[in-house]
Structures are given as C-alpha cells and as structure tokens.
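In what follows, a single structure is set out as structure tokens and then discussed.
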Amino acid sequence: MQRYEPAEIEPRWQRVWEEEGLYRASDDPEDTRPRFYALDMFPYPSGDLHLGHAEAFSGGDAVARFRGLQGHNVLHPIGWDSFGLPAENAAIKRGIHPKQWTYENIEQQARSFKRMGMSFDWTRRVQTSDPEYYRWTQWLFLKLFDMGLAYRKNAPANWCPNDQTVLANEQVINGFCERCGAAVVRKDLTQWFFKITDYAQRLLDDVDTLEEWPERVITMQRNWIGRSEGATVRFAVEGTDDDVEVFTTRPDTLWGVTFFVFASEHPLVPKLAELGGTSEEARALIHRLQATPLTNREQAESREGVRLGVHVVNPVNGERVPVFVAPYVLMEYGTGAVMGVPAHDQRDFEFAREHGLEIRVVIQPPEEERDAASMTEAYDHEGVMVHSGPFDGQRSPESIAKVAQWLEEQGLGRPAVTFRLRDWLISRQRYWGAPIPIIHCDEHGEVPVPEADLPVELPEDVDFRPGGESPLARHDRFVKTTCPTCGRDARRDTDTMDTFVDSSWYFFRYCSPGYEDGAFRREDVERWPVSQYTGGVEHAILHLLYARFVTKALYDAGMVPFVEPFARLMNQGQVIFGGASMSKSKGNIVEPMPLVERWGADSMRLTMLFASPFEDDIDWKLIAGDPDRRPGAHQWLGRVFAAVADSAAGGGDEPMELVRLTHRTIRGVTEDLERFRFNVAISKLMVLSNEMRQVLDAGGAARGAAEALVQMLAPLAPFAAEELWRAVLGHGESVHVSRWPGYDDALAAQETLTLIVQVDGKVRDKVEVPADADDARVLELAHASENARRAIGDREVAKEIVRAPKLVNLVTR
RNA sequence: GCCGAAGUGGCGGAACUGGCAGACGCGCCGGACUCAAAAUCCGGUUCCCCUCGGGGAGUGGGGGUUCGAUUCCCCCCUUCGGCACCA
C-alpha cells in the first residue's frame, strides 16, 4: 500500500511542473479557450512568506487551478511590491543596502512559493523596484502630469518624525503613522499630488457596478469618498472688499447663523486678525494651531476659539455676525470656513454655549415649541422653517434644495457638492522608491523628463539614512542635470513616489511581460481583464481606490478599454493567533515554511482552506496550535492515498450508490469552488473518500470515484493529486491539464430519500421512500407510522401538509 | 455617534428557494491492535429526563408571520471591522 510522504512527493512534482511549463498563460490567437485572469495581491518582500500569504495564495491558487481544469486559458501571475520604507529601515538596521535586503527576500519568497506549488506563470514576474518596471511607473506619473492630474503645491502635510517623510491622509491612523506608530506632526512642504478628487464622483458612481465586491469594501469606499450635497454661500467681510465662501449641507438654516468661524490656516485670517486689532490671545491660538499636527484630534475636539474682532454679513438677511478662529474648523474640508448655526448643529451649539453666543431656532420641530434658552443640544431633525424670511412655513429637509436654488437666483450662492476625499499626496522624502521624473529649471519650472530618457534611475551609492530631506538631494550627480527644454543647468526632483503608485498599475504590466515600447499594450490589457482579484481587506481603501483611479485616468487617456480594474474581489480573512494578530512583540509568530517542510504544502493549504469560510479570520492557535501534532489534513490525505491506491488495485463493479454519490459530489464541489466555499468543498470530498473506504472494505470497487476525487482534489492539494493521478492511477499527463469531471443530474439525484413525518410540526418519524414517491403514497406512509399515530393520540387530524417526497405534516388543531 | 458584518455543541464550522439543526473536521470518551506507547483502524459524542421504546428543550434575548423559522418581519443585547468635529 502507498504511504503518504509529502516530503518526497512534493519536491519531485515541483521539478516536473517546472520542466513541463504547465502554468503558462497562452497569448496564442489560435487559442480559443475562454480566458481567466486570476490575480493575487502581490506580496511585499519583508522576509519569508508568512501565514497570511499561505492563506491568501492557497485560495487564489485554488481558483486559478479550478478555472484551468474547467478549460480556461488562465493567467495567474506573480510579482513583488518591492519598493518601500520597511526595506530601508531594515537595511539601515542591518547595515546593508535596501536593494540587497529586498532582493534576497524576493528570492526567498519565490523559492517558498515554488515549494508551496503555486501555479504561477513565472515568465511574467514583475518587481516594482526593477528599472524595467519603475521606468513605466515614471511614465505613468508623466502621463498624469500631462493630463493635469499631477501637480505640486505647498501645503501643510502629515509628517512622520520617525520615518522622516510625509504621509498620505490614508496612512495616518488616528493621528499616528500607519507604519511605525509615531505621532504625526504638521509640516508645511511643497509636495506632489495626484488629483484623485477630480474623479471623486466617478469613483463613487462606479462603485455601484462592482456587484461582485464584498459589501463592506463597497461601503468603506463610499464612506471614504464621502459625498455631501448642499450649497456654497458667500458672506461679505465687513470693512473690506473680500467675500468668503462657506459650504453647508443645511442652507435651510441660514437664517439661524449667529457667528462665523475660520480655520486657522485660512488665507484671509492674517489679514482679518490685523484688521480687527486682534488680541495677543488670538495670535497665540493661531500660532499654536498652525504648529499642531493636522490630525490631532484632541485639539480638534475642543471648543476653544477666539474672536477676530471683525464681522461678516449674512447675505440672506443682512445681519452682522462676529468672526472667530477655532480648531474645530478644518482647512482641508469644504472652504475652510463655516457659518455657525448653533440651534441646528451640535458643534456650533457647543461652541455658542462656550462663548456666550446667541442661539436662534429657525427649524421648529413638529408638535413642539423649541426655545433657545432651554435647549440642551442642537436640533438637527426635520421641522418647519421659522424666522426665515421668504421661506417661513416651508418644511425642512425638503426645503434644502429650494433654498439652494433660491441662493443661486439671488446671486448669493449656489447648490454644491463636497467630498471628503482629498488629493493623493504621492511624494516621499525617502530613498527606496521610484524617483519623480521631473526636472526643475529656473527658466521653465517643472519640466517632465522626456520619455526617451526614462527611467530616471535610482542611484545606488546614496547615503539613504533619513535626514528630513530626500536622501537623493545629497547625491550631486543625481541632482545635477540640464533642462530638457533649454539645456541649461537644472536640478532633478529628489522625492520618490509613494509605493501605492507602483501598485496602482502592476496588474496591467502582467499582461504585456517584457514589453519595451510602453507600460503595456492596450490589446493585451483588453484580452486579459482581471477576472478575480484575491487579497486582504486591509487594502479596502488605499490600494483599491488608487488602482481604480489610475484605471479611470488611463481610460480617459485611451490606454485601457475599461473604467474599473477588478470585476470580482475576494478578501481572505486574517490569520491570527490566540485571538490577537501575530506580531514579533507578542512573540506569537508562526512561520509557515517549517510546517510546509514537515507536513507538506498540501496539508498547509488544506488546513487553511478547510478551517473556515475564506473571508473569515482563522485563529491558528485553535486549528493547529501544536506544531508537533499531525494536522488533520495530513491524516485525511493519508486516508485518501490508501483509498485511491486500493481503488486502483481492485477491479469489479462499482456500487450504484457510490456512483451516485460521486456525481452528487462533483455537482456540489463545482458549485462550492465557483463560490469560493473551499471549506464546504473539502468536507464533501471527505464524505466521498469516507464512502469509498466503506465500499472498498466491503469488497466493492471504487475506481470511478477515485478518479473524480483526485481531480477535484487537484486545485486544493495539487501535489497529492498529481502523485495519485500519475503514479497511482497511472495517467500519462498531469492532473492539472485534465478536464474537470462532469456530472449527470439524473445520477446525482438521490434514489431514495428520507420522508419526514411530522405531527403538529414536530418530527415523529423518518421513513425511507423512493425519490419518485407521490403525495398519495407519502401520505399513506405517514398515516401508517406507528410513532405518528401515537403522537396524534385520540385527536383528529385537521390538516395535512404534504411535500412529497420529503415531508408530511399532520396538524391536529 | 454613524456605516457595515456577524452571533449555531467543548472548538472550527455545515444546513439549496422556509421543511431531519449540528454535515465534515478537531478535541474528548470507549474499543481493537501492542509487552507498552506512538501511529493506525472501529464505535460514541448538543443538553436534560428515561422503563432504552422514547420524551422534553435547543441556533444571542424577546415578540410576530407560518402547518412548520438557524432561514422572513419588528424590537433589544453582544462581538468584530471601518469611519468619526467632514460643516
């Protein structure tokens, strides 16, 4: 009998697969198979693969292999997101070059992927830190620059004092650096931005077309974009010729404005402070605010603020209202100034109470008199407009649009939409990234590097330790260049790009491997739209939003034929340990590769996929806490080996019941894999293998079941399936190029079923009946049931519910 | 606070369109094999009661619809995830 020895089997087939080139996607125009692009989020090379990779790629690979078996021409590529800060930090710590650290890790991960038996098309491998790749990342930058979607401006930015670089808003978590956890501070810097806000509406609208995305990701994207409808209104600043605009979602409350507040960074503030002869106190506050981090919540949640000593005029009623500066107003949202309506906005209410300002009710709740003096909180629900001039008696919120309309007619404002989404800050003051391909010329300003001169290579001999400015700025040979326009001395931009730029387009590059005349060919991308994207939910906003934006921009440039990059998205759950995420500091990290060496890649995959639904978290401690204990998956594979070997050896007729179960299993597993229900698919395979064992032990044959079982195992445990298919069942070709087994619905149907006999909805008996038993027959059987009769007792059956052949319910009352 | 997802045995989890709750696996218990152990195989395993035929309860809690609810509706509780002065 064949013993299951993964340590012997797996490396052997790994070599054979490589020699046979089994997993290459075909670009042959004669190839008429339907195409399937199975994309996995590419890894960051921070060391060897971790358990999260094992989980994600086990699922992604199962999908790719399953589609291949179903007759698709599958593109299943792999690459590395290999620029980025952690490489630099790790390199500094180890005293080596980031390049060395990165590429060693890539090679290690590549070996591990091969050891895991991933069905990657290695000929399409990309690494974002390769000049052949980032050449096109730079091209993308220039394309966006051409389109007016990349621009540079001086603005307060989130600065991480530890990593010594700016961060995108998306990378600041509650005021702390996403990567290192240091408190973020504010710094005024000239930075490059991508104008993602131009696409806010389209990014929001098209989210509705992503029917195959997880609901929670859709919701997160919507919330992040954060669309608000309302109006902008212009207030005149008394004593000047200046106007100041505010955005409000509640123009219906305009008659309740009793004060006005600026963000401290608002450009008008210095002028107004001077005009109002503002106190030392005000100056001190403004100064302090401008030195605090953008995202300092404690600051923002206070209701402090100071009068500037000037007034603005409410355009709807001509009233003068006092002007303040306060930290609760953010420069980044809306216009950086708000109108204060304390009666109907909680923040304004608190501010008014704090500073003794008038509270004026202009939306009267139904059935109830509200008066300002007794209010304990703002009223922000529906009601009737009062003290509102021409709008008295109108119902809010229906009146909001009417007021906005009216403002436009009166020339006081107009309906407006504001988004929470900010432009994407893409420049970084660190070394290990793609240089921004811009040359600064005194004469000609920001001049794009000519496409023919790309890539702007990242020099290796750089002192890359962070120092508050870009390390590249210290590298004279890099910096000094000539202006492409006038040929005079000029300076290269010394910032590098956010690595999310690298990863915003890598899935296009896979379609045109090695292409040297462009980032990709349009026809390749058209041929290979992503069919399935697999990866972690931690990218629900950042990466996915950026990739969607870049795809839309490239669509507008005529370079790709679709507006959404990923039709289907599947998020695997996280692998945690003992209820907590794994981390070095907790000392609970489990390395997958030693387990793969010990128990086999197939066991690792099956353990992962069987543990829970793919999108749910797996607590490794619960499912495989003891590394010395033989995993259940390994045990089962051993039983499968025995059963298949016995089936191959034995002859004779296969019992009809086993044939039927086989067909039923094929039908079920096919459906399950289509819906990524790997855990359920595996359980069905277990049922089939258990039944095979029974049949074999009773002296029956099971060859047909064995063949089907092995094929269905192929996407989930590819090495074991291959060994069984070729070495045990004696097939000449790989199971991975075999044709997914079909099923016959008639055979998949049960021959007999269990009839449930209920009395008053309670199960009283179970009777085996032929699958074609009709209503009369099952009713007869139900009445014949001893148990049912006893349950009925001397009562009368008032109603009979018959669902032949599955159920009869006899109702006595 | 707002948005989203989810609550089923000791554990991970099954259950098609409302029709056998707990598939499958882990763990545990018992047995076989063994001098013994490991490995392997076989059997049992929701809880309570029982005269061993069976009976009762049971899918976070409370209501409702229905012959029948893990599944549909309403209210509540809890957990997880995201966002959070966004004007």
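Lettering of chains follows the sequences in order, A, B, ..., and the numbering in each one begins at 1. Source: prediction; values computed, not measured.
In this structure B:G9 sits in the syn conformation; its chi angle is within 90° of 0. In this structure, B:G4 shows a glycosidic angle more than 90 degrees from zero, which is the anti conformation.
In this structure, of B:G12, B:G4, B:G53, it is B:G53 that holds the atom nearest to the side chain of A:R790. Of all nucleotides listed (B:G19, B:G12, B:A87), B:A87 comes nearest to the side chain of A:V338. Looking at the side chain of A:S612, the nearest of the listed nucleotides B:G13, B:A87, B:C24 is B:G13. Taking every side-chain heavy atom of A:F610 into account, B:G12 is the closest of B:C20, B:G12, B:G19. Across B:G55, B:C67, B:G82, the shortest atom-to-atom separation from the side chain of A:R764 is found for B:G55. Taking the side chain of A:Y333 as heavy atoms from C-beta on, and the options B:A87, B:C42, B:G19, the nearest nucleotide is B:A87. Here B:C26 is the nucleotide among B:C26, B:A57, B:C86 with the atom lying nearest to any side-chain atom of A:R639. The listed nucleotides are B:A14, B:A87, B:A39; the one nearest the side chain of A:D345 is B:A87. The side chain of A:T219 approaches B:G4 more closely than any other nucleotide in the set B:G4, B:C86, B:C67. Distance from the side chain of A:W224 is smallest to B:C83 among B:A15, B:C83, B:A39.
Side-chain to base pairing of A:Q635 with B:G25: no donor and acceptor N or O lie closer than 3.5 Å to each other. On a pure distance criterion of 3.5 Å, no polar donor-acceptor pair joins the side chain of A:K799 and the base of B:C67. Contact annotation: side chain of A:R216 to base of B:C80, donor-acceptor pair absent below 3.5 Å.
OP1 or OP2 of B:G27 sits under 4.0 Å from a side-chain N or O of A:R629. At B:A23, none of the side-chain N or O atoms of A:N690 fall inside 4.0 Å of OP1 or OP2 (strictly under the cut-off). Side-chain nitrogen and oxygen atoms of A:K806 include none within less than 4.0 Å of the OP1 or OP2 phosphate oxygen of B:G19. Residue A:S228 has a polar side-chain atom (N or O) positioned under 4.0 Å from OP1 or OP2 of B:A87. A close approach under 4.0 Å does occur between a side-chain nitrogen or oxygen of A:N679 and OP1 or OP2 of B:A14. Note on A:R222: every side-chain N or O is 4.0 Å or more away from OP1 and OP2 of B:G82.
With a cut-off of 3.5 Å on both pairing distances, the Watson-Crick or G-U wobble partner of B:C83 is B:G1. In a base pair of the Watson-Crick type (N1 to N3 plus N6-O4 or O6-N4) or a G-U wobble (N1-O2 and O6-N3), with each distance short of 3.5 Å, B:U66 is matched with no nucleotide. The partner of B:U40 is B:A32, by the rule that a Watson-Crick or G-U pair needs both atom distances under 3.5 Å. Nucleotide B:G7 is matched to B:C77 when pairs are restricted to Watson-Crick or G-U wobble geometry with both distances under 3.5 angstrom. The base-pairing partner of B:A14, taking Watson-Crick or G-U wobble contacts with both distances under 3.5 Å, does not exist among the strands shown.
Comparing the C1' positions of B:C76 and B:G7 gives an interatomic distance of 14 Å, to the nearest angstrom. B:C11 and B:U59 are spaced 16 Å apart, taking the P atom of each and rounding to whole Å. Comparing B:C75 with B:C80, their P atoms sit 23 Å apart, to the nearest whole Å. Taking atom C1' in both B:U45 and B:G82, the straight-line distance is 41 Å, to the nearest Å. Using atom C1' as the reference point in both B:G13 and B:C26, the two lie 11 Å apart (nearest Å). Nucleotides B:A84 and B:C3 have their P atoms positioned 16 Å apart, rounded to a whole Å. Only the P atoms considered, B:G63 is 27 Å distant from B:C2, to the nearest whole Å. Going from the P atom of B:G30 to that of B:A39 covers 16 Å, rounded to whole Å.
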A:E304 and A:F324: side chain to side chain contact (heavy atoms under 4.5 Å, CB included), yes or no, with the steps? CA-CA 10 Å; A:E304 66 178 317; A:F324 291 76; over 6 Å; no
One pair to check against side-chain hydrogen bond (donor to acceptor under 3.5 Å, both in side chains): A:T812 and A:E796. What are the steps and the verdict? CA-CA 5 Å; A:T812 64; A:E796 212 164 290; over 6 Å; no
For the pair A:N690 and A:R693, evaluate side-chain hydrogen bond (donor to acceptor under 3.5 Å, both in side chains) and give the outcome as yes or no after the intermediate values. CA-CA 5 Å; A:N690 289 348; A:R693 186 74 264 161; over 6 Å; no
For the pair A:K621 and A:D619, evaluate salt bridge (charged side-chain N to carboxylate O under 4.0 Å, His left out) and give the outcome as yes or no after the intermediate values. CA-CA 5 Å; A:K621 189 179 182 182; A:D619 193 327; over 6 Å; no
Apply the test side chain to side chain contact (heavy atoms under 4.5 Å, CB included) to residues A:S603 and A:R598: give CA-CA distance (whole Å), side-chain angles for both, the deciding distance (0.1 Å), then the verdict. CA-CA 10 Å; A:S603 288; A:R598 181 155 186 196; over 6 Å; no
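Nucleic acid contact class of A:P214 (heavy atoms, under 4.0 Å, all strands): none. Counting any heavy atom pair closer than 4.0 Å across all strands shown, A:T249 reaches sugar-phosphate atoms only and no base atom. Residue-level contact check: A:V329 touches the bases, meaning some heavy atom is under 4.0 Å from a base atom. If you check every strand for non-hydrogen atoms under 4.0 Å, A:R227 touches nothing. Among the atoms of the strands shown, none is found under 4.0 Å from any heavy atom of A:D619.
A:N809 places its CG atom 8 Å from the P atom of B:G68, with the value rounded to the nearest Å. With rounding to whole Å, A:F678 atom CZ is found 17 Å from B:C24 atom C1'. Distance CZ (A:R630) to P (B:A37): 20 Å, rounded to an integer number of Å. Atom CD of A:Q221 is separated from atom P of B:C83 by 12 Å (rounded to the nearest Å). Between A:R605 atom CZ and B:G25 atom C1' there is a gap of 20 Å when expressed in whole angstrom units. Protein atom NZ of A:K762 is 8 Å distant from nucleotide atom C1' of B:G56, rounded to whole Å.
Ring pair A:F676/A:F614: centre-to-centre distance not below 6.0 Å.
Ionic pairing of A:E691 and A:R660 is not present here: no N-O contact between side-chain nitrogen and carboxylate oxygen is shorter than 4.0 angstrom.
Between A:H634 and A:Y4, the ring-plane angle classifies as tilted under the 30° and 60° cut-offs.
Projected onto RNA chain B by closest heavy-atom contact, A:I756 and A:F247 fall at different nucleotides, the more 5' of which corresponds to A:I756. When each of A:A611 and A:S683 is assigned the nucleotide of RNA chain B bearing its nearest heavy atom, the one mapping closer to the 5' terminus is A:A611.
For the atom pair CG (A:N314) and CZ (A:F259), the distance works out to 12.5 Å, reported to the nearest 0.5 Å. Separation of atoms CH2 (A:W224) and CZ (A:R420) is listed at 4.5 Å; rounding is to 0.5 Å.
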